[in-house]
Amino acid sequence: MPRRRDAVVRRGMRHVGRAIAEQPGMFALAFLASSLYGGMTVASAYVLGEVTDRVVLPALRDGVASAGALTLASVAILGVAVLKILGILGRRLFAGIMSYRLQADYRRRVTGQYLRLPLSWHQRHPTGQLLSNANSDVEAAWFFVAPLPFACGAVVMIGITVAALVATDPWLALVGLVVFPLVFVVNAVYSQAMSPRMRRAQQLRAEVSEIAHESFDAALVVKTLGREDVETRRFADRADELRDSLVAVGRVRGLFDPLMEALPNLGTLAVLLIGATRVSDGATDAGDLVSIAYLFTLLALPIRAIGWVLADLPRALAGFDRVTPVLDATGETPHGTAVAAAGTGGAGVGLRGVDYGFDGAARPTLSGITFDVAAGSTVAVVGPTGSGKSTLAGLLVRLVDPGSGEVLLDGVDLRRLREGEVSAQAAFVPQGTFLFDDTVRGNVTLGADLSDDEVEAALRIAAVDDVVHRLPEGLDTRVGERGATLSGGQRQRIALARAVVRRPRLLVLDDATSAVDPAVEARILDALRDADRPSTVVVVAYRQATIALADEVVWLEGGRVLARGSHEQLLAEVPGYAALVRAYAQTEVAA
């Protein structure tokens, strides 16, 4: 147990040092302001002592007080008070800046990691947990910083006080030297008791966030399948666990806070008892006793400040322990320095011996994939469920990298291209369309500097311009969260316009028109082919009408390319292909 307690204290002190090292300037200013406050607090006690000896007692003895003495006493008290106020303002201002800078900096680091880490890493971590890491965990990791300069200034204040006490009366100083160590012993015990409880509470916060995010994200499933009660119970159970965990934290704090409050008061009481005896014996003056007793009264808040820092360290460590794995995660997408070939038409695409497997999968999802897509052509990738079509689409726009082999854009391996080059040359539209709670224009441009004419042209290609014109405010109509005010097909077409407006040289559609009428889908593909700067189009497709519009069809089965050719060729030569396409055609007819 002592070893574990020491480990918590050591880690806590290292974390304090980390905060100071990352914001040395703000900490120095806050510490100086806090030290000013501490010094003036000590000075105020001695000013009161001097006023007692030089003004109050003579006035009581003589029955009269001089105007000069009263003026001097007022100026001294007011001067010390003004300096204390400046110390308080500076301490709070600079400590707040330091705390919020650390939180902002670490939120940027965490979200920067999210952007750098590959899609495979995100697939292994729940969205709710990632939200918790970037928000409540970062906040918890640096929550202790706000009282930190005050606590450090309090240490200076305590040092000044002890020296002054020893110089004034060694016996009364002995009382202080007993009280102060007790404060730190109590805090060390508290930190050890609180650390596992805070770690558990922080974990439960993340789990509650995960469940809430899942329930909101799956609102349609929950509602249509009548799972409201189940989801409510699931959330309530975890929320109850969080409540119980926080109650356990509160119990420990409830025992700790009164004890920390009582220790300085007990010290003051002991000083008064011992000091009164010494005053009556003539060993010390009444003014010295008043100074020392008042000083002990003032020390209650700085001692509490030390307690606040030590009390928050277990929570800070719990939060930082949850943030650190994100910051230490490896596997970010590396980039080269190559630039894609300049061109206004479609890009040539090639795959050379591409293998890809998900972590923990018994067999690779793709194996030995090799084929070319001619610049400006349209290729349909067709295959049964689980054949690796979506994985192949992700490889073409570098959402993931192959385990072996190369994915080429105009003859250049995507991994050799500089950062941002792939997204500048290629666009991807998944089947699962996401629209922001923004206007139609905002969802198409995503903040890019694009004119309304360019947006309108993209909407025409996506065959959704007539829909947008019928909306109440046209391009300025808000589409609701995830495009809730639009149909599935309309959402898909706006997402397609979002990709087309950037005039990509490679456009990858992962069954991105599954909710669109076949006639409209044909219009879209024709418009893509007839555009003034036609893209190379790779479309994951099932519909016979879509496949028939492609220049070439790639048949994918079991993670391998088993056949290539025109739709008519594969229909006649590949039984699996013919069976799949006809099955989908019969389903559409029946529907």
Donor-acceptor pair, [X] side chain versus [Y] backbone, under 3.5 Å?
{"X": "Arg502", "Y": "Arg498", "result": "yes"}
{"X": "Ser99", "Y": "Gly96", "result": "no"}
{"X": "Ser377", "Y": "Val373", "result": "no"}
{"X": "Lys389", "Y": "Pro384", "result": "yes"}
{"X": "Arg322", "Y": "Asn133", "result": "no"}
{"X": "Tyr577", "Y": "Gly383", "result": "no"}
{"X": "Arg478", "Y": "Asp437", "result": "yes"}
{"X": "Thr536", "Y": "Ala347", "result": "yes"}
{"X": "Glu421", "Y": "Arg418", "result": "no"}
{"X": "Ser245", "Y": "Glu241", "result": "no"}

query: Between the side chains of Gln113 and Arg116, is a donor N or O closer than 3.5 angstrom to an acceptor N or O?
result: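 Checked: Gln113/Arg116 side chains pair up, N/O donor to acceptor below 3.5 Å.
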- prompt: Will you find, in the side chains of Asp355 and Ser404, an N or O donor that is under 3.5 Å from an N or O acceptor?
  reply: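 Yes - a donor-acceptor pair under 3.5 Å links their side chains.
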Taking salt bridge (Lys or Arg N to Asp or Glu O under 4.0 Å) as the test, write out the residues that go with [X], two or more places apart.
{"X": "Asp438", "value": "none"}
{"X": "Arg108", "value": "none"}
{"X": "Asp465", "value": "none"}
{"X": "Asp237", "value": "none"}

With a 4.5 Å heavy-atom cut-off, do [X] and [Y] have their side chains touching?
{"X": "Val537", "Y": "Val508", "value": "no"}
{"X": "Trp555", "Y": "Val561", "value": "no"}
{"X": "Ser535", "Y": "Arg503", "value": "no"}
{"X": "Val440", "Y": "Val455", "value": "no"}
{"X": "Leu556", "Y": "Val382", "value": "no"}
{"X": "Leu509", "Y": "Val538", "value": "no"}
{"X": "Val354", "Y": "Val407", "value": "yes"}
{"X": "Thr477", "Y": "Thr439", "value": "no"}

- prompt: Can you pull the ring-ring contact (aromatic ring centres under 6.0 Å, His included) pairs that have at least one residue in residues 429-450, sequence neighbours excluded?
  reply: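 Of all non-adjacent pairs touching residues 429-450, those that pass ring-ring contact (aromatic ring centres under 6.0 Å, His included) are Phe434-Phe436.
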Which heavy-atom pair separates [X] from [Y] by the least distance, and what is that distance?
{"X": "Ala393", "Y": "Phe428", "value": "CB-CE1, 3.8 Å"}
{"X": "Ala146", "Y": "Ala95", "value": "O-CB, 3.4 Å"}
{"X": "Val412", "Y": "Ala338", "value": "CG1-CB, 4.1 Å"}
{"X": "Val500", "Y": "Pro504", "value": "O-CD, 3.8 Å"}
{"X": "Gly353", "Y": "Thr370", "value": "N-OG1, 2.8 Å"}
{"X": "Leu366", "Y": "Gly388", "value": "CD2-O, 3.6 Å"}

message: Apply salt bridge (Lys or Arg N to Asp or Glu O under 4.0 Å) to residues Asp410 and Arg505 and explain how you reach the verdict.
response: CA-CA 10 Å; Asp410 285 333; Arg505 300 181 62 227; 2.7 Å; yes
Listed partners of [X] passing side chain to side chain donor-acceptor pair (under 3.5 Å), at least two apart:
{"X": "Glu22", "answer": "Tyr106, Arg109"}
{"X": "Asp452", "answer": "Arg441"}
{"X": "Arg101", "answer": "none"}
{"X": "Thr445", "answer": "none"}

task: Return the set of residues passing side chain to side chain contact (heavy atoms under 4.5 Å, CB included) with Glu454 (not counting sequence neighbours), or none when no residue passes.
output: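 Side chain to side chain contact (heavy atoms under 4.5 Å, CB included) list for Glu454, sorted by chain: Leu450, Ser451, Val501.
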At what distance, to the nearest 0.5 angstrom, does [atom1] of [X] lie from [atom2] of [Y]?
{"X": "Arg491", "Y": "Asn443", "atom1": "CZ", "atom2": "CG", "answer": "11.5 Å"}
{"X": "Ile97", "Y": "Gln23", "atom1": "CD1", "atom2": "CD", "answer": "9.5 Å"}
{"X": "Leu396", "Y": "Arg398", "atom1": "CG", "atom2": "CZ", "answer": "13.0 Å"}
{"X": "Leu351", "Y": "Asp372", "atom1": "CG", "atom2": "CG", "answer": "8.0 Å"}
{"X": "Leu409", "Y": "Leu417", "atom1": "CG", "atom2": "CG", "answer": "6.5 Å"}
{"X": "Asp321", "Y": "Leu317", "atom1": "CG", "atom2": "CG", "answer": "6.0 Å"}

- request: Any pair with a residue in residues 548-558 that passes salt bridge (Lys or Arg N to Asp or Glu O under 4.0 Å), sequence neighbours left out, goes on the list, sorted by first then second residue, please.
  value: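 Those involving residues 548-558 are Glu552-Arg564.
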task: Could you note down all residue pairs passing salt bridge (Lys or Arg N to Asp or Glu O under 4.0 Å) where residues 373-387 supplies at least one of them, sequence neighbours left out?
output: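 For residues 373-387, and leaving out neighbouring residues, there are no salt bridge (Lys or Arg N to Asp or Glu O under 4.0 Å) pairs at all.
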message: Please report whether the ring centroid of Trp142 lies less than 6.0 Å from that of His15.
response: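 Yes, the ring of His15 comes within the 6.0 Å limit of the ring of Trp142, centre to centre.
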message: Could you check whether atom CD of Glu419 has more than 12 heavy atoms from other residues, nucleotides or ligands sitting under 6.0 Å from it?
response: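 Open.
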message: Is it the case that over 12 heavy atoms from other parts of the model lie below 6.0 angstrom from the OH atom of Tyr100?
response: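 No, not enclosed.
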task: Could you please spell out the steps behind the side chain to side chain contact (heavy atoms under 4.5 Å, CB included) verdict for Ile461 and Leu496?
output: CA-CA 9 Å; Ile461 291 175; Leu496 178 60; 5.9 Å; no
- request: Let me see the working for Arg460 and Glu456 under side chain to side chain contact (heavy atoms under 4.5 Å, CB included), right down to the final yes or no.
  value: CA-CA 6 Å; Arg460 282 194 297 274; Glu456 291 281 0; 3.9 Å; yes
- request: Carefully, step by step, assess Val138 and Val110 under the rule side chain to side chain contact (heavy atoms under 4.5 Å, CB included).
  value: CA-CA 9 Å; Val138 169; Val110 169; 4.2 Å; yes
message: Determine whether Val444 and Ile494 satisfy the following criterion, side chain to side chain contact (heavy atoms under 4.5 Å, CB included), listing intermediate values before the conclusion.
response: CA-CA 7 Å; Val444 173; Ile494 288 178; 4.2 Å; yes
query: Are Arg416 and Asp413 ion-paired here, with the side-chain N under 4.0 Å from a carboxylate O?
result: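 No salt bridge links Arg416 with Asp413.
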